[in-house]
Amino acid sequence: MTWSDRIRVLERGWLSSNNIVFLDEDGGVSVVDTGYVTHLDETIRLIDQAREGRPLRRIVNTHIHSDHAGGNAGLKALHGCEVWIPPGESELVDLWDEDRLSYRRTSQLCPRFSYDKLIHPDDVLRLGGEDWRVLPAAGHDHAMVMLWCERLGTLLSADALWQKGFGVIFPELAGMPGFAQQKATLDLIGQLQPRRVIPGHGAPFTDVAAALQAAHSRIDWLMEEPRRNSDNALKVLMAFKLLEARRLTLADLTAMVRTSIEGNAAMQVYYPHDPEAMAAFMAEQLVKAGAATREGDAVVAVA
Ligand SMILES: [Zn+2]
């Protein structure tokens, strides 16, 4: 097995997805996913380092959540590069329909961008001098895709498989199926038998069987009691916002809980009353988890 020196994984954190930079054979550069908008300066700097003077020609998005597409607009304005996205939400992007895109109901930011090309499941993209097949990866997001390079045995798994777990199953929150799709995506990954996974968040890993096993147990656990997915989503959304804002008052948290409930049918079932009490509970959870400390009626992110 040879591992490509034309791929550079810029490992970020949880607010920003990883950026995977490909040195293409035409002398240009492609980047898969562009991070969250508040990290744009850092994203530009890291990509500049990785591209070593080559021109950035294209952005490829695995999906258009704010932490994967937040740098699209800024990078496109700076480099004049193309943006390629999966087809599932392209009409919403055309209209920039924030109510139906995920940004409003997650209380997250994503500057408006336009795209130049759609990548469909089964398309083969030439990235870093290798063929990468676009594979469907519904579950976390109905329109998400993964990229698979058979020759390198390498999978860009986006938020379908991390070393520990996977992304929130968002469709289920809106009353759409997602659990079965996530199981099918995990099965597909199992069939590919990747030797290396480059996830959307966290370091690349090679113990794929262990990660898959853990992910299978997790999806079964969520399916057993779907409320767990909602509880987890709320926790993840609050933790994400805390990373972005660093400090959130109880009023901020209450507004977020309210927005989440309004935008997600499942949450209306689970949390019908009292967003303020829910917000207070979430604040307590953030402190308990060691993510935040209390300051009066606010929680502040632990540095
Ligand atoms: Zn995502």
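Note that ligands are numbered from 1 as they come in the structure, with each ligand's atoms numbered from 1 the same way.
Residue pairs meeting the side-chain hydrogen bond (donor to acceptor under 3.5 Å, both in side chains) criterion with at least one member in residues 21-38, sequence neighbours excluded: D24-S30, D24-R58, E25-R126, D26-R57, S30-R58, D33-N61, D33-T62, D33-H68, T34-N72, Y36-E244.
Within 6.0 Å of NZ on K235 lie no more than 12 heavy atoms contributed by other residues, nucleotides or ligands. Counted within 6.0 Å of CD on Q193, heavy atoms from surrounding residues, nucleotides or ligands total 12 or fewer; the atom is thus considered open. Enclosure of atom CD in E91 is not indicated, since only 12 or fewer non-hydrogen atoms of other residues, nucleotides or ligands lie within 6.0 angstrom.
A search for side-chain contact (heavy atoms from CB on, under 4.5 Å) contacts involving E284 returns nothing, not counting sequence neighbours. By the side-chain contact (heavy atoms from CB on, under 4.5 Å) test, V300 pairs with R247, T293, E295, sequence neighbours left out.
Distances shorter than 2.8 Å separate the Zn ion (ligand 1) from the protein N/O/S atoms H63 NE2, H65 ND1, H140 NE2, D159 OD2.
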